[in-house]
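As structure tokens, the structure follows; a few thoughts come after it.
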Amino acid sequence: SIIDEFASNAWTFALTFIVVDFIWYVFHVIGHRISLVWGMHLIHHQSDEYNLSVNFALSPLGFIVRTLMYSSLILLGFPIEFVVISIYLNAFYQFYLHTEFISSIPLLEKIFVMPDHHKVHHGSNPEYLDRNYGGVFILWDRIFGTYIAERTNLKTIYGTVKPLRSWNPIWSNLEIYHQMVRDSFYTKGI
């Protein structure tokens, strides 16, 4: 049974879960630093509010790219059922991060991403840009220097630095690519 499988391979499952979360962190960093991937992730940051609906604002292209990245674990020999369950657990944890219901849990906030950490990530304040990428473990941000605590004297302003011009769901997924092509024509004189 699946329960016996997990019991006999608890360490393998724990390692799989940790590696899946690391891949989430890497994808998230790439999603903010590479323009083509930012175009997939931008829609998630567009809202000027911070609530559960933000968790559903995701690009289908981002899902495909993440799936390809996670698939590499199966090619490396991680059990497919452990990879799939880890992906779902990571995604489920994201719901908690996009609420302000319980903003932080003392002691656990040293290891796990809390809504207080993640709402900073959604801030468009210059001090908060490109910080706190973690999915489940805040340790990645602490290790790689991308962690910042919310400042009590600095209210988080949600949204993007340059808002989209339309809330049309199709155009909101394509507008940044249109801008990239347009800017390329202007800079290259084509």
Side-chain angles (χ1 to χ4, degrees), residues 2-3 6 10 13-32 37-71 73 78 80-125 128-142 144 146-150 155-160 163-164 167 169 172-173:
I2 191 86
I3 294 172
F6 275 97
F13 177 72
L15 179 63
T16 304
F17 185 79
I18 291 166
V19 174
V20 161
D21 192 60
F22 180 69
I23 288 174
W24 168 260
Y25 173 84
V26 169
F27 173 78
H28 209 170
V29 170
I30 290 169
H32 281 257
V37 188
W38 171 242
M40 294 179 227
H41 189 57
L42 167 68
I43 188 95
H44 180 69
H45 283 268
Q46 190 57 39
S47 178
D48 58 2
E49 295 182 30
Y50 188 71
N51 55 43
L52 281 176
S53 68
V54 172
N55 196 52
F56 293 105
L58 300 170
S59 164
L61 291 172
F63 174 78
I64 292 167
V65 171
R66 273 195 317 275
T67 300
L68 291 172
M69 291 176 74
Y70 292 139
S71 297
L73 295 178
F78 285 86
I80 189 168
E81 62 273 15
F82 289 1
V83 172
V84 170
I85 290 169
S86 295
I87 292 167
Y88 278 110
L89 288 172
N90 190 299
F92 183 72
Y93 190 75
Q94 301 306 308
F95 285 103
Y96 165 61
L97 297 183
H98 292 91
T99 68
E100 295 185 84
F101 181 64
I102 299 175
S103 57
S104 191
I105 301 170
L107 296 179
L108 291 181
E109 68 186 3
K110 302 292 184 199
I111 300 168
F112 298 101
V113 177
M114 296 287 149
D116 276 355
H117 300 137
H118 199 67
K119 70 182 184 181
V120 165
H121 175 74
H122 277 266
S124 60
N125 313 56
Y128 293 159
L129 288 177
D130 299 327
R131 299 301 196 138
N132 298 0
Y133 296 106
V136 173
F137 298 109
I138 197 67
L139 296 172
W140 308 125
D141 289 295
R142 293 181 187 278
F144 296 109
T146 54
Y147 173 76
I148 189 170
E150 183 178 29
K155 181 182 178 353
T156 304
I157 300 168
Y158 303 117
T160 55
L164 294 175
W167 289 101
S172 63
N173 278 280

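Values in this document were obtained by computation on a predicted structure and should not be read as measured data. All residue numbers refer to positions in the sequence shown, counting from 1.
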- Other residues, nucleotides, ligands: >12 heavy atoms within 6.0 Å of Glu49 CD: no

- Under 30°, 30 to 60°, or over 60°: which ring-plane class applies to Phe17 and Phe137, parallel, tilted or perpendicular? perpendicular

- Query: Would you call the rings of His98 and His118 parallel, tilted or perpendicular if under 30° counts as parallel and over 60° as perpendicular?
  - Reply: perpendicular

- Rounded to the nearest 0.5 Å, how far apart are CD1 of Ile87 and CD1 of Ile23? 8.0 Å

- Message: For Lys110 versus Ile138, what's the shortest heavy-atom pair and its separation?
- Response: O-CG2, 3.5 Å

- Phe63 atom CZ: more than 12 heavy-atom contacts under 6.0 Å: no

- From Phe27, Trp38, Tyr128, Tyr25, residue fulfilling ring pair (Phe, Tyr, Trp, His ring centres under 6.0 Å) relative to His32: Trp38

- Closest contact, heavy atoms only, Ser47 versus Val54: CB-CG2, 3.8 Å

- Please step through ring pair (Phe, Tyr, Trp, His ring centres under 6.0 Å) for the pair Phe112 and His117, ending with a clear verdict. CA-CA 9 Å; Phe112 298 101; His117 300 137; over 10 Å; no

- Message: To the closest 0.5 Å, what do you measure between CG (Leu58) and NE2 (His44)?
- Response: 6.0 Å

- Message: Quick check for you: to the nearest 0.5 Å, what is the distance between Tyr96 atom OH and Ile105 atom CD1?
- Response: 4.0 Å

- Query: What is the distance from atom CG of Leu97 to atom CG of Asp116, rounded to the nearest 0.5 Å?
  - Reply: 10.5 Å

- Query: Would you find more than 12 non-hydrogen atoms of other residues, nucleotides or ligands less than 6.0 Å from Leu52 atom CG?
  - Reply: yes

- Exactly one candidate in His121, Lys119, Glu150 meets side chain to side chain donor-acceptor pair (under 3.5 Å) with Thr156; the answer is Glu150

- Item | Shortest non-hydrogen separation from Ser103 to Met114 and the atoms involved | O-CB, 3.5 Å

- Item | Leu107 atom CG, over 12 foreign heavy atoms within 6.0 Å | no

- With a 4.5 Å heavy-atom cut-off, do Phe13 and Ile85 have their side chains touching? yes

- Message: For Phe22 versus Phe144, what's the shortest heavy-atom pair and its separation?
- Response: CE1-CE1, 3.7 Å

- Query: Between Thr16 and Val83, is there a donor-acceptor pair closer than 3.5 Å when you use the side chain of the first and the backbone of the second?
  - Reply: no

- Message: So does Arg131 get a backbone contact from the side chain of Asp141, meaning a donor-acceptor N/O pair under 3.5 Å?
- Response: no

- Message: Return the CG to NE2 distance between Asn132 and His28, rounded to the nearest 0.5 Å.
- Response: 10.0 Å

- Task: Please step through side-chain contact (heavy atoms from CB on, under 4.5 Å) for the pair Phe78 and Leu15, ending with a clear verdict.
- Result: CA-CA 9 Å; Phe78 285 86; Leu15 179 63; 4.0 Å; yes

- List in chain and number order the residues that pass ring pair (Phe, Tyr, Trp, His ring centres under 6.0 Å) with Phe56, two or more places apart in sequence or in another chain; answer none if no residue qualifies. Phe95

- Go through the steps for Leu73 and Val19 under the test side-chain contact (heavy atoms from CB on, under 4.5 Å), then give the verdict. CA-CA 8 Å; Leu73 295 178; Val19 174; 3.3 Å; yes

- Item | Ser71 OG to Arg66 CZ distance, which is reported to the nearest 0.5 Å | 12.0 Å

- Message: Test your reading of the model: is there a side-chain donor-acceptor pair from Tyr147 to the backbone of Gly134, 3.5 Å cut-off?
- Response: no

- Message: I'd like to know if the side chain of Glu100 and the backbone of Pro115 have a donor-acceptor N/O pair within less than 3.5 Å.
- Response: no

